[in-house]
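What's counted below: heavy atoms across the whole structure, side chains too, no hydrogens, waters or symmetry copies.
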Amino acid sequence: MLGANKDQSSLNLESGWLCLEYANTLDWHASDNPVESIHNYEDLVQWFLKVGIISDKEKENILKKSVISTINSSVIYTQAINLRENIYGIFSAIAGGTEPFADDLDKLNILLPDIMNHLQIKYTSNSYSWAWSNLEESPDQILWPLARSAASLLTSPDRKRVGECADDRGCGWLFLDTSKNKSRRWCDMRNCGNRNKVRKYYQKKRIMKN
């Protein structure tokens, strides 16, 4: 459950990494008026289904467990949103060429010891892979792959290729820049990139007229 052994390439990730994809669930993250897409615990679980971390059956089991759990799902939802802001703070800073705030790193580190206690190596079909253990005892399991992805990216060479959309309205979309010369600046050329292209075109026309 929760894709401990799933390869990044098998997930539905526009940004390139699970943790970046999760940070992008708040639209216009760098603006004064961000737009939320995950409003409750059910939305959070649905997002996990959307990106391919869980199956429909696993979604049903998680939601059933949340009903009978002694830990309120709204508490886990709040923890998940806080984790999202820590992840965004860390990688937005890295994309901008600065050090993340110590507080964001500290809050991520607080989660890691418990998460690592639930990881184990599993042997199946002549291969070894990561798997989660003791899921029945851990209703906050929804946080594990998110924090693990953030820690993995921070310690990966991919960290140096994290970028943030340069749109001046505050898009804030994070992505993995896979271009050869690390030249990507926009979330998507059809959106913010196209707006910038059109703006430069009209600026050039005004200059030519003058």
Side-chain angles (χ1 to χ4, degrees), residues 2-3 8 11-56 58-67 69 71-96 100-101 103-108 110-111 115 138-151 153-154 162-176 185-196:
L2 291 186
Q8 289 275 144
L11 303 178
N12 303 317
L13 307 176
E14 293 181 49
S15 61
W17 274 77
L18 178 64
C19 56
L20 302 182
E21 197 78 10
Y22 182 53
N24 293 336
T25 58
L26 188 67
D27 293 325
W28 298 100
H29 214 143
S31 74
D32 293 331
N33 298 292
V35 180
E36 183 62 80
S37 66
I38 298 180
H39 302 278
N40 48 48
Y41 183 79
E42 289 73 19
D43 284 350
L44 183 65
V45 176
Q46 180 63 35
W47 180 81
F48 270 83
L49 175 65
K50 177 184 175 183
V51 298
I53 288 290
I54 60 174
S55 65
D56 284 302
E58 288 169 335
K59 172 191 170 183
E60 293 177 8
N61 289 337
I62 290 172
L63 292 177
K64 285 179 182 178
K65 289 176 184 177
S66 71
V67 174
S69 171
I71 300 179
N72 195 298
S73 60
S74 64
V75 173
I76 299 174
Y77 167 73
T78 298
Q79 292 174 341
I81 294 301
N82 289 339
L83 175 60
R84 182 182 66 187
E85 295 312 297
N86 297 145
I87 290 173
Y88 176 75
I90 290 169
F91 291 107
S92 178
I94 289 174
F101 287 118
D103 186 55
D104 283 327
L105 285 174
D106 289 344
K107 288 177 179 176
L108 175 61
I110 287 172
L111 294 173
I115 291 171
S138 305
D140 61 343
Q141 61 183 270
I142 205 82
L143 306 177
W144 298 354
L146 302 174
R148 181 170 179 257
S149 174
L153 178 53
L154 276 172
V162 173
E164 182 170 359
C165 182
D167 187 90
D168 58 4
R169 297 168 297 174
C171 173
W173 203 82
L174 298 174
F175 55 85
L176 189 69
R185 298 189 63 212
W186 315 107
C187 58
D188 194 319
M189 280 305 299
R190 294 168 296 179
N191 297 315
C192 295
N194 185 61
R195 173 181 175 269
N196 182 71

> Can you list every pair that meets salt bridge (Lys or Arg N to Asp or Glu O under 4.0 Å) and has a residue in residues 41-55, with sequence neighbours left out?
Replying inline: none
> Can you say whether the rings of His29 and Tyr88 are parallel (under 30°), tilted (30 to 60°) or perpendicular (over 60°)?
Replying inline: parallel
> If every non-hydrogen atom of Cys187 is compared with every non-hydrogen atom of Cys192, which pair is closest and at what distance?
Replying inline: SG-SG, 3.6 Å
>> Please report the interatomic distance CG(Leu44) to CD1(Ile142), rounded to the nearest 0.5 Å.
In response: 5.0 Å
>> To check you understand the geometry: which heavy-atom pair defines the closest contact between Leu111 and Ala147, and what is its length?
In response: CD1-CB, 4.2 Å
> Between the main-chain N or O of Ser37 and the side-chain N or O of Thr25, is there a donor-acceptor pair closer than 3.5 Å?
Replying inline: no
> Which atom names give the shortest non-hydrogen contact between Asp167 and Trp28, and what distance separates them?
Replying inline: OD2-CZ3, 3.8 Å
> How many angstroms lie between atom CD1 of Ile62 and atom CD of Gln141, to the nearest 0.5 angstrom?
Replying inline: 5.0 Å
>> Just verifying a value: how many Å separate Ile76 CD1 and Leu143 CG, rounded to the nearest 0.5 Å?
In response: 7.0 Å
> Which atoms form the tightest heavy-atom contact between Ala23 and Ile87, and what is the distance?
Replying inline: CB-CG2, 4.2 Å
> Would you find a donor on one side and an acceptor on the other, under 3.5 Å apart, between the side chain of Tyr77 and the backbone of Ile38?
Replying inline: yes
> Counting only N and O atoms by type, is there a donor-acceptor contact under 3.5 Å from the side chain of Asn24 to the main-chain atoms of Trp173?
Replying inline: no
> When you measure from the side chain of Tyr22 to the backbone N and O of Ala80, does any donor-acceptor pair fall under 3.5 Å?
Replying inline: yes
> Roughly how far apart are Ile115 CD1 and Ile110 CD1, rounded to 0.5 Å?
Replying inline: 11.5 Å
>> Going by salt bridge (Lys or Arg N to Asp or Glu O under 4.0 Å), name the pairs with one or both residues in residues 81-94, residues two or more places apart or in two chains.
In response: Glu36-Arg84
> Okay, side chain of Ser149, backbone of Pro145: is any donor-acceptor separation there less than 3.5 Å?
Replying inline: no
> What pairs meet the salt bridge (Lys or Arg N to Asp or Glu O under 4.0 Å) rule with one or both residues in residues 14-30, with sequence neighbours excluded?
Replying inline: none
> Can you tell me how far the CG atom of Asn86 sits from the CZ atom of Phe101, to the nearest 0.5 Å?
Replying inline: 12.0 Å
> Got a second to check how far Leu154's CG is from Leu108's CG, nearest 0.5 Å?
Replying inline: 6.5 Å
>> Ignoring hydrogens, what is the shortest heavy-atom contact between Gly16 and Leu176? Give both atom names and the distance.
In response: CA-CB, 4.4 Å
> Any side-chain heavy atom of Phe48 sitting closer than 4.5 Å to one from Leu146?
Replying inline: yes
> Given side chains that start at C-beta, do those of Leu83 and Gln79 come closer than 4.5 Å, heavy atoms only?
Replying inline: no
> Are more than 12 heavy atoms from other residues, nucleotides or ligands located less than 6.0 Å from atom CG of Asp32?
Replying inline: no
> Just wondering, do Leu174 and Ser15 contact through their side chains at under 4.5 Å, heavy atoms?
Replying inline: no
> Are any non-hydrogen side-chain atoms of Ile54 and Val45 less than 4.5 angstrom apart?
Replying inline: yes
> What are the two closest heavy atoms between Glu164 and Gly172, and how far apart are they?
Replying inline: OE2-CA, 3.3 Å
